[in-house]
Structure formats: C-alpha cells, structure tokens
Amino acid sequence: MRHTEFWARLDEALGRESSGSWAELFVINELGGRTTRQAIDDGIPPKQVWAAVWRVLELPERYQ
C-alpha cells in the first residue's frame, strides 16, 4: 500500500474534514503508543498502520 492510498482510505473512512486531525491526535497502542501520523513518519509501512486503524475503529470488511 502506498502512502497516498493510506490517506485516501482514511479520508473515506473518517471523512476528509476529520481524518487529518484524527491522525494527529488519536494514539494507537498497537503502533507503539503512536498516532497514525507519527507511525507513518517513523517509517512504519502504511499497510501495517492501516491494519491497526482498521482494527481500532472496527471498520467494516470493505475497508480492509
């Protein structure tokens, strides 16, 4: 998964207006206590970050 696909999926799941602030504020324990933005910036693969987001938000299968 490319970074652009990750951000597009997050926009779709949370709405473009909310996804950016959520990515900077919501800490996910599975990502080592990082926010989504921190995890991406720290080099964690977008596919791995997306899997954690998908689980924590309990998104439908179609978002997987």
Side-chain angles (χ1 to χ4, degrees):
M1 171 185 291
R2 294 181 179 183
H3 288 102
T4 53
E5 183 182 353
F6 171 86
W7 293 113
R9 284 187 184 195
L10 195 62
D11 285 349
E12 183 182 343
L14 297 177
R16 190 174 202 140
E17 303 80 26
S18 301
S19 62
S21 58
W22 186 89
E24 292 183 15
L25 298 173
F26 192 85
V27 174
I28 300 176
N29 289 333
E30 186 178 337
L31 297 174
R34 296 177 179 97
T35 66
T36 302
R37 173 77 65 191
Q38 289 169 328
I40 292 289
D41 290 347
D42 287 348
I44 296 176
K47 185 174 182 175
Q48 183 179 341
V49 176
W50 179 252
V53 168
W54 183 80
R55 283 189 287 277
V56 77
L57 291 177
E58 299 178 346
L59 294 171
E61 289 288 325
R62 68 183 176 97
Y63 286 103
Q64 193 173 22

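Any value given below was found using the heavy atoms of this structure, including those in side chains, with hydrogens, waters and symmetry copies removed.
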Rounded distance (nearest 0.5 Å) linking atom CG of Leu10 with atom OG of Ser19
5.0 Å
Validation: residues 45-52 side-chain donor-acceptor distances under 3.5 Å, sequence neighbours left out:
residue: Trp50; atom: NE1; partner: Tyr63; partner atom: O; Å: 2.8

Can you find a heavy atom in the side chain of Thr35 that is under 4.5 Å from one in the side chain of Trp22?
no
Hphob cluster co-occupancy, Val27 + Val53, side-chain heavy atoms under 4.5 angstrom
no
Steps toward side-chain contact (heavy atoms from CB on, under 4.5 Å) verdict (Phe6, Ile40)
CA-CA 10 Å; Phe6 171 86; Ile40 292 289; 4.3 Å; yes
Under the rule for salt bridge (charged side-chain N to carboxylate O under 4.0 Å, His left out), what residues qualify as partners of Arg62, not counting sequence neighbours?
Glu12
Only pairs at least two apart or in different chains count here, so list each salt bridge (Lys or Arg N to Asp or Glu O under 4.0 Å) that has a residue in residues 16-34.
Glu24-Arg37, Glu30-Arg55, Arg34-Asp42
Please list, chain by chain and in numerical order, all residues satisfying ring pair (Phe, Tyr, Trp, His ring centres under 6.0 Å) with Trp7, sequence neighbours excluded.
none
Does the pair Asn29 and Val56 meet the rule for a side-chain contact (heavy atoms from CB on, under 4.5 Å), with working shown?
CA-CA 9 Å; Asn29 289 333; Val56 77; over 6 Å; no
Members other than Leu25 in its cluster, when Ile, Leu, Val, Met, Phe, Trp, Tyr link by side-chain heavy atoms under 4.5 Å?
none
Using only atom types and a distance under 3.5 Å, with no angle test, would you say the side chain of Ser21 pairs donor to acceptor with the backbone of Ser18?
yes
How many angstroms lie between atom CD1 of Ile28 and atom CG of Leu57, to the nearest 0.5 angstrom?
7.0 Å
Could you tell me which residues satisfy side-chain contact (heavy atoms from CB on, under 4.5 Å) with Glu61, sequence neighbours excluded, listed by chain and number?
Trp54, Gln64
